[in-house]
Number of protein chains: 2
Amino acid sequence: MIISVPHNDGVDGLAQLIRIDRSSPVPLYYQVAQRMQELIESAQLPPGSRLDNEIALADQLGLSRPTMRQAIGHLVDKGLLVRKRGVGTQVAQRRVSRQVELTSLYDDLDRARRRPRTEVLAFEVIPGPPAAIAALHLPTGSEVLHIERLRYAEDEPLAVLRNYLPAGLAEIDRQALAERGLYQVLRDSGIQMRIADQTIGARKASAAEARLLGEVRGAPLLTMSRTAYDPAGHAVEYGDHVYRASHYSFELTLLSR
Amino acid sequence: MIISVPHNDGVDGLAQLIRIDRSSPVPLYYQVAQRMQELIESAQLPPGSRLDNEIALADQLGLSRPTMRQAIGHLVDKGLLVRKRGVGTQVAQRRVSRQVELTSLYDDLDRARRRPRTEVLAFEVIPGPPAAIAALHLPTGSEVLHIERLRYAEDEPLAVLRNYLPAGLAEIDRQALAERGLYQVLRDSGIQMRIADQTIGARKASAAEARLLGEVRGAPLLTMSRTAYDPAGHAVEYGDHVYRASHYSFELTLLSR
DNA sequence: GTCGGCAGGTTGTCATGACATTCTGAGCAA
DNA sequence: TTGCTCAGAATGTCATGACAACCTGCCGAC
């Protein structure tokens with residue numbers, strides 16, 4: 001009788017599914033990581049399947065072991081792979097839903113094909129309100145660009161977005177804001193965002209908010225205030241947003257360690 | 001006249017502030033990373049200060065460059081350091097507030113000295129409700145441990161916590177739950193949690209919830225449902241929590257890329 | 001039959017060396 | 001004075017080699 005090897009869902013020909021272009025400027029480890037992520041997300045590498053050991057994989061792909069390890073480590077950090085010393089490397093059991101990243105609401109809606117639309121309610125340079133000044137770590141009395149927008153999804157009002165940016169940070173066009181998300185506009189201006197602090201809470205809608213959002217007064221709203229920083233740690237944006245709780249919720253993935 | 005070197009807040013004797021113990025089982029890169037994190041958090045390495053280059057640092061500490069890079073990379077991932085190719089490595093401008101991790105509310109309150117207290121309302125094995133079954137990816141009809149708790153902070157009711165765990169996952173003592181947080185109890189049982197999916201929303205309080213939490217009916221509540229997975233990707237816990245919006249908000253730090 | 005030790009396999013850590021890429025600033029030329 | 005070029009310096013990438021720590025399963029001893 002033939003005993004089937006337990007848990008052996010191994011993929012022998014992983015190397016055949018990955019092509020490496022050594023003339024590309026894209027780093028080798030990144031090419032491998034990206035390709036492996038595609039394979040995992042397309043279920044060609046199903047959850048639970050075991051990879052060959054690092055040395056064999058590196059050998060098959062014509063890479064060194066550190067490079068292969070770097071690729072695998074990248075995916076382990078993302079939670080797509082699980083490594084166990086003395087055992088091996090497996091594809092993690094579940095598909096990871098995309099992490100809530102430093103994206104704007106607009107990008108999220110756009111990806112979800114929810115037909116985002118934006119109405120710019122205010123767009124002006126003003127002396128910074130104390131809350132914005134404090135969040136952006138600016139000297140008292142500094143001027144800020146104040147933006148207020150009403151965001152729709154599928155022609156239904158969804159959120160009121162108030163944002164404050166240091167005046168003169170970037171060339172921002174009011175028209176661009178009506179067509180794209182703030183974060184996309186910032187990125188197009190060369191502003192990078194690396195870290196953000198968020199606070200998520202809830203409260204009742206004021207009369208004005210209820211009117212804008214098509215809710216009754218006192219309806220529960222989800223609130224999110226966020227300060228975003230560039231790679232050097234300088235604050236570039238402070239936002240104070242309210243969402244219709246009946247139409248919106250935040251989804252996020254936490255990684256431990 | 002002496003021209004001061006621009007931006008040179010360099011710390012020469014970094015090596016003198018770091019001691020490595022080669023006989024320790026703790027990896028060298030980790031010893032270095034941990035010590036550097038201490039120095040940054042204690043402002044002995046102030047924000048903006050520049051580190052020596054990797055090769056010099058490695059040399060000063062008697063390490064190889066890859067090891068030194070691994071230590072620095074660790075802190076870059078945490079957002080404590082900023083690396084720029086061709087330029088150097090600097091301490092990031094702002095102090096990073098602690099990331100919302102896979103901690104329970106109890107741990108957070110305990111750390112904040114808010115005197116958490118727990119009242120266990122329900123503790124029973126039941127046939128799994130559909131929502132819990134789906135979240136935990138269990139076969140229909142499976143039994144689950146159902147826990148319902150009322151959490152206080154400083155003798156003020158704060159949240160109603162409903163949790164579901166696969167039956168028989170761990171030895172859980174009702175008494176332990178009254179004294180510690182669920183996550184601490186799970187960790188003590190050897191259950192590890194690596195990834196969690198969370199959804200945060202808001203809604204009005206039901207009559208029962210309002211009574212438990214000392215709010216009026218219709219008061220805004222913050223809701224959080226979470227499914228936590230162990231390193232292998234198996235669901236270990238599903239929680240459905242409601243918080244008094246007037247007393248609680250979520251704070252989290254997002255890192256991009 | 002059960003327990004414990006041992007061997008083999010796999011990932012974790014660390015060192016050394018080399019070259020590529022990128023940024024900054026000094027110095028030269030217009 | 002202004003703009004361009006280039007050298008220096010720093011990080012980014014990759015290769016090779018070696019040993020350590022850990023897990024699993026086999027196999028022998030009791």
Side-chain angles (χ1 to χ4, degrees), chain A residues 3-8 10-11 14 20-34 49-77 81-92 190 192 231-232 257, chain B residues 3-8 10-11 14 20-34 49-77 81-92 190 192 231-232 257:
Chain A
I3 306 293
S4 66
V5 182
H7 298 100
N8 188 358
V11 177
L14 178 55
I20 300 183
D21 178 6
R22 289 194 94 96
S23 69
S24 160
V26 178
L28 301 182
Y29 80 91
Y30 196 79
Q31 291 184 39
V32 174
Q34 194 144 321
S49 61
R50 281 179 46 186
L51 270 56
D52 286 346
N53 71 62
E54 296 173 347
I55 299 176
L57 279 177
D59 212 41
Q60 293 166 26
L61 294 171
L63 299 171
S64 70
R65 191 182 158 214
T67 302
M68 195 61 222
R69 265 185 74 75
Q70 199 174 359
I72 293 176
H74 204 73
L75 297 180
V76 170
D77 284 343
L81 292 180
V82 179
R83 268 199 292 215
K84 276 188 202 152
R85 180 187 210 151
V87 180
T89 306
Q90 285 184 307
V91 178
Q192 295 182 54
R257 182 203 36 118
Chain B
I3 306 292
S4 65
V5 182
H7 298 98
N8 188 357
V11 177
L14 178 56
I20 14 188
D21 177 6
R22 292 194 93 95
S23 69
S24 161
V26 178
L28 300 182
Y29 80 91
Y30 195 79
Q31 291 183 39
V32 174
Q34 193 142 322
S49 60
R50 282 178 45 186
L51 271 53
D52 285 346
N53 70 64
E54 297 174 346
I55 298 177
L57 279 177
D59 212 41
Q60 291 166 26
L61 293 171
L63 299 171
S64 71
R65 188 181 161 215
T67 303
M68 195 63 222
R69 263 185 75 75
Q70 198 172 359
I72 293 176
H74 204 74
L75 297 179
V76 170
D77 284 343
L81 293 179
V82 179
R83 268 197 292 214
K84 275 188 202 152
R85 183 188 208 149
V87 180
T89 306
Q90 284 185 302
V91 178
Q192 295 180 56
R257 188 167 20 118

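Computed from a prediction, not measured in an experiment: that's the story for all the values here. Here is how names work: the chains are called A, B, and so on, in the same order as the sequence lines, proteins then strands, and each is numbered from 1.
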Quick one: is [X] getting a side-chain N or O under 4.0 Å of the [N] phosphate, OP1 or OP2?
X	N	result
Thr67(B)	dT13(C)	no
Arg65(A)	dT16(D)	no
Arg69(B)	dG12(D)	yes
Arg50(B)	dA9(D)	no
Arg22(A)	dA20(C)	no
Thr89(A)	dT10(C)	no
Tyr29(A)	dC14(D)	no

Exercise for review: Check whether any side-chain heavy atom of Arg83(B) lies under 4.5 Å from a side-chain heavy atom of Arg69(B), and answer yes or no.
Suggested key: yes
Review point. Nearest to the side chain of Pro27(A) - dC22(D), dA15(C), dT13(D)?
Key: dT13(D)
In whole Å, what is the span from the [atom1] atom of [X] to the [atom2] atom of [N]?
X	N	atom1	atom2	answer
Glu54(B)	dC19(C)	CD	P	19 Å
Asp21(B)	dC14(C)	CG	P	12 Å
Met68(B)	dA10(D)	CE	P	14 Å
Asp52(B)	dA9(D)	CG	P	14 Å
Leu28(A)	dA18(C)	CG	P	20 Å
Asp59(B)	dG17(C)	CG	C1'	15 Å
Ile55(B)	dA15(C)	CD1	P	14 Å
Gln90(A)	dC23(D)	CD	C1'	13 Å

Review point. When Gln31(A) is tested against each of Leu61(A), Val26(A), Leu63(A) for side chain to side chain contact (heavy atoms under 4.5 Å, CB included), which residue passes?
Key: Val26(A)
**Study point:** Position toward the 5' end of DNA chain D (nearest nucleotide), Val87(A) or Val26(A)
**Key:** Val26(A)
Check your understanding: How far apart are the closest heavy atoms of Ala71(B) and Ala33(B), and which atoms are they?
Key -> O-CB, 3.9 Å
Revision key, fill the gap. Scanning both residues in full, the closest heavy-atom pair of Glu54(A) with Met68(A) reads O-CG, 3.9 Å
Exercise for review: Could you say whether Pro25(A) or Ser64(B) is positioned toward the 5' end of DNA chain C, judged by the nucleotide with the nearest heavy atom to each?
Suggested key: Ser64(B)
Review point. Checking all strands, does Pro66(A) fall into the base, sugar-phosphate, or nothing category for heavy-atom contacts under 4.0 angstrom?
Key: base
Practice item. Identify whether any heavy atom of Gly73(B) sits under 4.0 Å from a base atom; if not, whether one sits that close to sugar-phosphate; answer base, sugar-phosphate or nothing. Key: nothing
Check your understanding: Is there a donor N/O on one and an acceptor N/O on the other, under 3.5 Å, for the side chain of Arg83(A) and the base of dT11(C)?
Key -> no
Point to revise | Intermediate values then yes/no, side-chain contact (heavy atoms from CB on, under 4.5 Å), Leu57(B) and Ile72(B) | key: CA-CA 10 Å; Leu57(B) 279 177; Ile72(B) 293 176; 4.3 Å; yes
Exercise for review: Could you please spell out the steps behind the side-chain contact (heavy atoms from CB on, under 4.5 Å) verdict for Val91(A) and Leu81(A)?
Suggested key: CA-CA 5 Å; Val91(A) 178; Leu81(A) 292 180; 4.0 Å; yes
